[in-house]
Amino acid sequence: MVNDGHWERDGPYLRHVEEGFTLTLLVGMELEAPLDVMVELSDGVQRFATIFTPDSIGRIQKKDVESGECLNGRYFWAKNIILVDAIDSSLVESIVLDLIRSGEIYHAFGTEH
């Protein structure tokens, strides 16, 4: 949930500009998982990840059982995933800051969406 004033809504996106990076969330109407996240660092390269909760993965697997995908829901995969216990814009921002500080942003976020 957006719980402070430094996020700007632009249609289905929430954006936050911080020194050294811009963080964009594709949220549609509400924040819920899976959540597509884009980070643009000062080098200008856009990096992407998708944030999931265990519940969102369970919903996807249940759908896959019904559709027959992923061996009838017996496995789950996604590119550039980050797993969290709950979706919150301030948590996403904290995760991105932590990954930038550690240098792991280059591994956790891919350059292809």
Side-chain angles (χ1 to χ4, degrees):
M1 313 202 152
V2 180
N3 52 17
D4 57 39
H6 68 272
W7 288 90
E8 175 185 308
R9 185 172 279 280
D10 179 13
Y13 301 98
L14 284 178
R15 284 198 181 84
H16 172 65
V17 178
E18 186 75 38
E19 185 176 333
F21 71 94
T22 299
L23 175 59
T24 303
L25 312 178
L26 175 59
V27 298
M29 298 304 289
E30 297 293 327
L31 279 172
E32 60 182 55
L35 176 67
D36 289 325
V37 178
M38 183 191 69
V39 175
E40 185 174 338
L41 299 176
S42 56
D43 63 7
V45 175
Q46 295 178 337
R47 292 170 174 81
F48 302 91
T50 302
I51 296 182
F52 292 88
T53 64
D55 288 344
S56 67
I57 292 172
R59 284 192 304 273
I60 292 167
Q61 287 184 294
K62 183 177 179 184
K63 175 196 66 74
D64 290 348
V65 166
E66 295 168 4
S67 70
E69 293 176 74
C70 297
L71 293 176
N72 296 312
R74 295 182 65 198
Y75 71 93
F76 171 83
W77 78 272
K79 190 174 182 179
N80 306 318
I81 88 164
I82 297 175
L83 186 64
V84 298
D85 57 356
I87 297 292
D88 181 277
S89 60
S90 62
L91 174 59
V92 174
E93 182 180 358
S94 295
I95 290 167
V96 168
L97 283 169
D98 187 61
L99 290 169
I100 290 170
R101 285 186 195 119
S102 69
E104 293 175 347
I105 191 82
Y106 302 99
H107 305 289
F109 279 66
T111 56
E112 297 178 24
H113 189 64

Value rounded to 0.5 Å, distance of OH in Tyr13 from CG in Leu26
5.0 Å
When rounded to the nearest 0.5 angstrom, what distance separates OG1 in Thr22 from CD in Glu8?
10.5 Å
Is it true that [X] and [Y] fall in one hydrophobic cluster, defined by side-chain heavy atoms closer than 4.5 Å?
{"X": "Val84", "Y": "Val37", "result": "yes"}
{"X": "Leu35", "Y": "Leu91", "result": "yes"}
{"X": "Ile60", "Y": "Ile82", "result": "no"}
{"X": "Trp77", "Y": "Ile57", "result": "no"}

In residues 95-107, what donor-acceptor pairs under 3.5 Å come from side-chain atoms, sequence neighbours left out?
| unit_1 | atom_1 | unit_2 | atom_2 | d |
| --- | --- | --- | --- | --- |
| Ser102 | OG | Asp98 | O | 3.2 |
| Ser102 | OG | Leu99 | O | 3.2 |
| Ser102 | OG | Glu104 | N | 3.2 |

Indicate the atoms forming the closest heavy-atom contact of [X] with [Y], along with that distance.
{"X": "Leu41", "Y": "Arg47", "value": "CD1-NH1, 3.7 Å"}
{"X": "Ala108", "Y": "Ala49", "value": "O-CB, 4.0 Å"}
{"X": "Arg74", "Y": "Gln61", "value": "C-NE2, 4.3 Å"}

With sequence neighbours excluded, residues passing side chain to side chain donor-acceptor pair (under 3.5 Å) with [X]:
{"X": "Asp36", "answer": "Thr50"}
{"X": "Ser67", "answer": "Glu69"}
{"X": "Asp10", "answer": "Arg15"}

Just wondering, do [Y] and [X] contact through their side chains at under 4.5 Å, heavy atoms?
{"X": "Ile87", "Y": "Thr53", "answer": "yes"}
{"X": "Asp88", "Y": "Val92", "answer": "no"}
{"X": "Leu83", "Y": "Pro54", "answer": "yes"}
{"X": "Asn80", "Y": "Phe109", "answer": "no"}
{"X": "Glu112", "Y": "Lys79", "answer": "yes"}
{"X": "Leu25", "Y": "Ser89", "answer": "yes"}

His6-Glu93 side chain donor-acceptor pair, cut-off 3.5 Å:
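There is such a pair between these side chains.
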Other residues, nucleotides, ligands: >12 heavy atoms within 6.0 Å of Lys62 NZ:
no
Phe48: what forms a ring-ring contact (aromatic ring centres under 6.0 Å, His included) with it, not counting sequence neighbours?
His113
Partners of Phe52 by ring-ring contact (aromatic ring centres under 6.0 Å, His included), sequence neighbours excluded?
Phe76
Any side-chain to backbone donor/acceptor pair from Glu40 onto Val45? Under 3.5 Å, distance only.
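Looks like no, no N/O pair under 3.5 Å.
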Can you classify the ring geometry of Trp7 versus His16 as parallel (below 30°), tilted (30 to 60°) or perpendicular (above 60°)?
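Tilted: the ring planes of Trp7 and His16 meet at 30° to 60°.
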